[in-house]
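Computed from heavy atoms alone, side chains included, the values below leave out hydrogens, waters and symmetry copies. Owing to the predicted nature of the structure, the values given are computational and were not obtained by experimental measurement.
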Amino acid sequence: MSLRRIDLNLFVVFQVIYDAGNLTQAAERLNVTQPAVSNALARLREQFKDPLFVHAGKRMNPTAAADELIGPVRQALGLLEGSIAREEGFDPRDIKKVLRLSIGDVGEAALLPEFMSVLREKAPQIKIQAYQWERRQLARKLAASEIDFAIDIPMAVEGQLRQARLLNEHHVCAVRKDHSLCAAQTLDLEQYLSLEHIHVSSRRTGGGVADLALSKLGKVRNNAVRLQHYQAAFALLERSDFVLTTPLSLTNQYPCRIFELPFDAPDLELQLYWHASSERSGVSNWIRQTLIEAAHRLLKNRTNRTQE
């Protein structure tokens, strides 16, 4: 088959259909009508003498031929996009993209505001969709371009997955501003264990970094409330005598007093993950570097409110 006979734009449509698994969603991503996508798929089927995608409920599942084709198509389009970006350069203000991130509660609350402030200034046409996928799904979601980046705890990466360090967050103990503890200069272990705690976790069961550290000392704290999000935890903190063990940067966003933990607890480390195929895209590289720089600025500008 000669490439001279194929409209190369059809490969762009093919990749988006493969990633979206749905003609309607593919049309939305391409900003064209669904009949236009269906027409392009019909032309591809004719050229390759294969259906390429078959209906399975609401999804369009790839055939074996499509699975074999997607790798070379991704590589070719990535090289072309990267080459154009390098040759011509681009103005971030001209980037029109929906940036899809898998990100947890801490990253969303601490990092995204800093990142968004940069985007509003330098790339105002980029839109953000943030949600959290299960860790075991991240490699597949990144490979299929269903998400652009993932921000999560350190994990072993294999194959085409890449990572870079974003944040290393110190944990502190927070209380409301008029809590009885505020008269004290420090918090000792006996006091910490005597208090009622708010525990934040996306999981239904299991402890956090504080609980794991205390277990090594043979101690257990009183987790009176378990919540999914830090925003809810800080709202509760303001209206109660509960205490909250939290990453330090989050405390700058809420009215509270903080103490150093009276025991050693691991820091919260967040990594940025992406697929190697995206490294050929000048736009993706710019976004990745901007995310990393936003994380560095967050750590640099963070006000250490811990009492000496």
If hydrophobic clusters are built from ILVMFWY residues whose side chains come within less than 4.5 Å, do [X] and [Y] share one?
X: Leu187; Y: Leu189; answer: yes
X: Val32; Y: Val98; answer: no
X: Val283; Y: Val118; answer: no
X: Phe259; Y: Val209; answer: no

With sequence neighbours left out, write down each residue that passes ring pair (Phe, Tyr, Trp, His ring centres under 6.0 Å) with [X], or none if nothing qualifies.
X: Phe14; answer: Phe53
X: Tyr18; answer: none
X: His197; answer: Tyr192

Acceptor/donor pairs from residues 137-146 side chains to any protein atom, 3.5 angstrom cut, sequence neighbours excluded:
residue	atom	partner	partner atom	Å
Lys141	NZ	Glu146	OE1	2.9
Ser145	OG	Arg74	NH1	3.4

Sequence neighbours left out, what passes side chain to side chain contact (heavy atoms under 4.5 Å, CB included) with [X]? Give chain and number order.
X: Gln163; value: Val157, Gln271, Tyr273
X: Ala109; value: Leu250
X: Glu28; value: Thr24
X: Ser180; value: none

### Query
Which pairs, with at least one residue in residues 121-133 and sequence neighbours excluded, count as a side chain to side chain donor-acceptor pair (under 3.5 Å)?
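Side chain to side chain donor-acceptor pair (under 3.5 Å) check on residues 121-133 returns no pairs.
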### Pairwise distance NE2(His171) to OG1(Thr246) - rounded to 0.5 angstrom
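Those atoms lie 7.0 Å apart.
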#### Entry: ring pair (Phe, Tyr, Trp, His ring centres under 6.0 Å) contacts touching residues 217-252 (sequence neighbours left out)
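Listed by first then second residue: Phe234-Tyr254.
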### Task
Return each pair, listed once, that meets salt bridge (Lys or Arg N to Asp or Glu O under 4.0 Å) where at least one residue sits in residues 210-228; pairs must be two or more places apart or across chains.
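Non-adjacent pairs meeting salt bridge (Lys or Arg N to Asp or Glu O under 4.0 Å): Asp211-Arg221.
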### Message
Could you check whether atom CG of Asp264 has more than 12 heavy atoms from other residues, nucleotides or ligands sitting under 6.0 Å from it?
### Response
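No, CG of Asp264 has 12 or fewer neighbouring heavy atoms, counting only those of other groups under 6.0 Å.
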#### Entry: Which residues share a salt bridge (Lys or Arg N to Asp or Glu O under 4.0 Å) with Glu46, sequence neighbours left out
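Glu46 satisfies salt bridge (Lys or Arg N to Asp or Glu O under 4.0 Å) with no residue once adjacent residues are dropped.
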